[in-house]
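Structure first, commentary second.
First listed ligand is number 1; within each ligand, the first listed atom is number 1. Keep in mind it's a predicted model, so treat the numbers as computed, not measured. One is the number of the first residue; the rest follow in order along the sequence.
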Amino acid sequence: MTDETHTPKGPTRAGFVALIGEPNAGKSTLLNRMVGAKVSIVTHKVQTTRARIRGVAMADDAQIVFVDTPGLFRPRRRLDRAMVAAAWGGAADADVVVLLIEAHRGKTPGVDAILENLRERIGKRPVALAINKIDRVKAENLLALSQEMNEAFPFERTFMISAERGYGTEDLKAWLASMVPEGPWLYPEDQIADLPMRMIAAEMTREKLTLRLHQELPYELTVETEAWEERPDGSARVDQIIYVAREGHRGIVLGKGGETIKAVGQAARQDLEEFMGRKVHLFLTVKVKENWLEDPERYGEMGLDFRDGA
Ligand SMILES: Nc1nc2c(ncn2[C@@H]2O[C@H](COP(=O)(O)OP(=O)(O)OP(=O)(O)O)[C@@H](O)[C@H]2O)c(=O)[nH]1
Ligand SMILES: [Mg+2]
């Protein structure tokens, strides 16, 4: 967050930039890097982001609203279909689209499928390529990949970046600032996220659960903030429910003697306190709701459209 206010020197610019790519490409990491705070959760697992998450970055006289999207993949379940629809919706609404690919994986069949969709759905909107995770490969391999990608699609620009380490990300940001249209800023200058605090808080807990739980379990749970109480001493009491789909999952989430949920709660509380800059009391409850994956209300809470999953 910036403390100083900024008086524009010339005409202001503002617009939306959608980050798209396969699951795990580093979209959320890039969003957080651009915004300078952890707005979107990140894990080493695929399909971490479930909804469109906006983060706001300032670059001189431009305000860039980054739209983080769920990874694009071949959807199987209703939730997957709703996630993929949200991702393409984010791209269709944006002024500029950035496609992230992983340097070490290259032009995968999944990337090919995205390129095909980009041709059909995006029309004349500018699309930039960001080859991410360049810290994982030798520089000489990047040129060939860039060439191969640019032969397959007319990218406006190609950037070689490491979202995690911050290589090349300032160049990308400066270019995006020049690409968004002239116009008034869309958010107050000091706002960095466009997501209710209760949702950011729920996402933080889901991140810690995803990091700790194995196999399919992270994909079969959802977290909701049920109550938020501001206390007179300046702290907040936050109550959240972790919905799981099976009775057997409750025990796994709780862990032996409740130790898993305790560790999750502690880690999530720390992130939340850092984000809000004040003390938080976080209370987690696990509830079994067998059909939550088919429950429209749960999709609404996640910021997804249930009908998109049909
Ligand atoms: N080595 C390296 N790892 C990175 C880089 N950027 C992201 N990662 C890692 O890649 C993994 C996935 O990052 P995310 O930002 O969650 O990826 P995503 O595209 O948002 O994934 P989904 O939300 O599942 O679609 C995490 O473990 C990140 O730490 C990078 O530049 N270099
Ligand atoms: Mg993500």
Using a 4.0 Å cut-off to any heavy atom of [X], which atoms of ligand 1 qualify?
X	answer
G26	7 (C), 13 (O), 14 (P), 15 (O), 17 (O), 18 (P), 19 (O)
V46	24 (O)
S162	30 (C), 31 (O), 32 (N)
R136	1 (N)
V42	13 (O), 14 (P), 15 (O), 16 (O), 26 (C), 28 (C)
T48	22 (P), 23 (O), 24 (O)
G71	25 (O)

At what distance is the nearest protein heavy atom to [atom], and which residue and atom is it?
atom	result
atom 6 (N) of ligand 1	N132 ND2, 3.3 Å
atom 25 (O) of ligand 1	K27 NZ, 2.9 Å
atom 27 (O) of ligand 1	H44 CA, 3.3 Å
atom 29 (O) of ligand 1	E164 OE2, 2.7 Å
atom 10 (O) of ligand 1	K133 NZ, 2.9 Å
atom 21 (O) of ligand 1	N24 N, 2.9 Å
atom 14 (P) of ligand 1	T29 OG1, 3.6 Å

Would you say the Mg ion (ligand 2) has T29 as a near neighbour, meaning an N/O/S atom of that residue under 2.8 Å away? no

Could you tell me whether the Mg ion (ligand 2) has an N, O or S atom of T48 under 2.8 Å away? no

Counting only heavy atoms not in [X], do more than 12 sit closer than 6.0 Å to its [atom1] atom?
X	atom1	result
E148	CD	yes
E294	CD	yes
R136	CZ	no
R231	CZ	yes
Q215	CD	no

Does any donor atom in the side chain of [X] or [Y] lie under 3.5 Å from an acceptor atom in the other side chain?
X	Y	value
E22	T108	yes
T43	T210	no
Y187	R54	yes

Which option, L100, N32, T43, I20, owns the non-hydrogen atom nearest atom 16 (O) of ligand 1?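 Heavy atom nearest to atom 16 (O) of ligand 1 belongs to T43.
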
I need the M199 CE to E224 CD distance, nearest 0.5 Å.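 If we round to the nearest 0.5 Å, M199:CE and E224:CD are 9.5 Å apart.
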
Heavy atoms only, cut-off 4.0 Å: how does Q47 contact ligand 1, side chain, backbone, both, or neither?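 Answer for Q47: backbone.
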
Could you tell me whether D135 approaches ligand 1 through its side chain, its backbone, both or neither, with non-hydrogen atoms closer than 4.0 Å?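 Near ligand 1, D135 shows its side chain, while the N, CA, C and O stay back.
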
Could you tell me if R119 sits above the aromatic ring of F153, with its cationic atom closer than 6.0 Å to the ring centre and no more than 45 degrees from the axis? no

Y299 vs F306 aromatic rings, parallel, tilted or perpendicular, using cut-offs 30° and 60°?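 Y299 and F306: perpendicular rings.
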
Touching ligand 1 at all, A25? Heavy atoms, strictly under 4.0 Å? yes

Is there any N or O on T49 that sits under 3.5 Å from an N or O of ligand 1? yes

Checking the N or O distance criterion of under 3.5 Å, is ligand 1 in contact with A163? yes

Looking only at non-hydrogen atoms, find the nearest pair between N24 and K45 and report the distance.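 Of all heavy-atom pairs spanning N24 and K45, the closest is OD1-O, 3.2 Å.
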
Looking only at heavy atoms, what is the nearest atom pair of L284 and G265, with distance? CD1-CA, 3.7 Å

